J.: 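Okay, here's the structure, questions in a sec.
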Amino acid sequence: GTTSTGGHAPAFLKRVHDAGYDITLLLCSCEDSVRKAAVEYRNEQQRFYQSTPEDALVKGVFFPQRMSAYFENGDTLYIYWSDDLFSPERLGCVLQNGQIVVVDSEALECFVKKYESDRTVLQLEGKTLPTWDELLKTYQARF
């Protein structure tokens, strides 16, 4: 979903964190083709949400742009990868108390590759995002 990718998300997460709440985030990524197929399925089969597959791709670039806020404010981060529409998402790792526990290294690798790919595209548009390793260091330094 896109519930934490809106422009308000970084400020909101910071306020919640600063108020002393424990923040647990489930971060799931997938290839753009899966995002597109998901919207097509919702529109054509479920008739649930009316947006275009192109909207899904446009909105997809917000996720990597919010990653810093997730790592700066989240206490526990579950990193998931989705291979396709009809298979369960795979838990790549859990970040908790400054530690990372890898559950499925292939799923984690897919998540990181997608993030780095999106980061490269955004960099060409003049938007600088931290590397995956920098995100991890930011998270770990908080504990």
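Numbering of residues begins at 1 and proceeds along the displayed sequence. This is a predicted model, so every value here is computed, not measured.
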J.: Is it the case that one hydrophobic cluster holds both Phe63 and Leu136, taking links as side-chain heavy atoms less than 4.5 Å apart, direct or via other members?
T.: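 Cluster IDs for Phe63 and Leu136 match.
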J.: Quick one: pull up CD1 in Ile79 and CD1 in Ile100 and give me the separation to the nearest 0.5 Å.
T.: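 Ile79 CD1 to Ile100 CD1: 7.5 Å, rounded to 0.5 Å.
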J.: Ion pair present between Lys113 and Glu109, side-chain N to carboxylate O less than 4.0 angstrom?
T.: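 Salt bridge flag = yes for Glu109 with Lys113.
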J.: Determine whether Leu25 and Trp81 fall in the same hydrophobic cluster, where Ile, Leu, Val, Met, Phe, Trp and Tyr are linked whenever their side-chain heavy atoms lie under 4.5 Å apart.
T.: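 Leu25 and Trp81: one cluster.
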J.: Got a second to check how far Leu27's CG is from Met67's CE, nearest 0.5 Å?
T.: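 Leu27 CG to Met67 CE: 6.0 Å, rounded to 0.5 Å.
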J.: Would you mind reporting whether Thr138 and Ser68 have side-chain heavy atoms less than 4.5 Å apart?
T.: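 Ser68 vs Thr138: side chains apart.
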J.: Which pairs count as side-chain hydrogen bond (donor to acceptor under 3.5 Å, both in side chains) when at least one residue sits in residues 119-129, sequence neighbours excluded?
T.: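 Qualifying pairs, neighbours excluded: Glu116-Arg119.
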J.: Return yes if some donor-acceptor pair links the side-chain N/O of Tyr70 with the main-chain N/O of Leu13 below 3.5 Å, else return no.
T.: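 Absent.
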J.: I'd like to know if Glu106 and Arg90 make a salt bridge, using a cut-off of under 4.0 Å between side-chain N and carboxylate O.
T.: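 Salt bridge: yes.
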J.: Give a yes or no answer on whether the side chain of Gln65 reaches the backbone of Val61 with a donor-acceptor pair at less than 3.5 Å.
T.: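 Yes; at least one donor-acceptor contact below 3.5 Å.
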J.: Can you measure from CZ (Arg66) to OG1 (Thr5) and round to the nearest 0.5 angstrom?
T.: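 Here the rounded value is 6.5 Å.
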J.: Would you find a donor on one side and an acceptor on the other, under 3.5 Å apart, between the side chain of Tyr80 and the backbone of Leu108?
T.: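 Answer holds: no.
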J.: Could you note down all residue pairs passing ring pair (Phe, Tyr, Trp, His ring centres under 6.0 Å) where residues 93-127 supplies at least one of them, sequence neighbours left out?
T.: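 Residue pairs with at least one partner in residues 93-127: Phe111-Trp132.
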J.: Atom CG in Asn73, atom CZ in Arg142: separation rounded to 0.5 Å?
T.: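 With rounding to 0.5 Å, CG (Asn73) is 6.5 Å from CZ (Arg142).
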J.: Contact between Asp22 and Thr24 at the side-chain level, heavy atoms closer than 4.5 Å - yes or no?
T.: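 They are in contact (side-chain heavy atoms under 4.5 Å apart), so the answer is yes.
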J.: Honestly curious: do Leu135 and Phe143 fall in one hydrophobic cluster under the side-chain, below-4.5 Å linking rule?
T.: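 In one cluster with Leu135: Phe143, yes.
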J.: Looking at residues at least two apart in the chain, or sitting in another chain, which of them share a ring-ring contact (aromatic ring centres under 6.0 Å, His included) with Tyr78?
T.: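 Result, ring-ring contact (aromatic ring centres under 6.0 Å, His included) vs Tyr78: none returned.
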J.: Just so I know, are the side chains of Leu95 and Phe71 near enough to count as touching, which here means a heavy-atom distance under 4.5 Å?
T.: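 A side-chain contact under 4.5 Å exists here.
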J.: Salt bridge or not for Lys114 and Asp118, using N-O below 4.0 Å?
T.: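 Looking at Lys114 and Asp118, the cut-off is met.
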J.: If you count heavy atoms of other groups shown closer than 6.0 angstrom to CD of Gln99, is the number above 12?
T.: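 At most 12 heavy atoms, drawn from other residues, nucleotides or ligands, come within 6.0 Å of this atom.
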J.: Looking at every heavy atom in both Asp104 and Ala107, which two are closest together, and how far apart are they?
T.: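 Smallest interatomic distance, heavy atoms only, reads OD1-N, 3.0 Å.
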J.: Is there a path from Leu77 to Val103 through hydrophobic residues (I, L, V, M, F, W, Y) whose side chains come within less than 4.5 Å of each other?
T.: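 Hydrophobic grouping puts Leu77 apart from Val103.
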J.: Where do Leu129 and Pro64 come nearest, in terms of heavy atoms and distance?
T.: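 It is CD1-O, 3.7 Å.
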J.: Report the distance from atom SG of Cys110 to atom CD of Glu31, rounding to the nearest 0.5 Å.
T.: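 The CD atom of Glu31 is 7.0 Å from SG of Cys110, to the nearest 0.5 Å.
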J.: What about Val34 and Leu26, same hydrophobic cluster or not, with Ile/Leu/Val/Met/Phe/Trp/Tyr joined at side-chain heavy-atom distances under 4.5 Å?
T.: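 Looking at the clustering, Leu26 is in a separate group from Val34.
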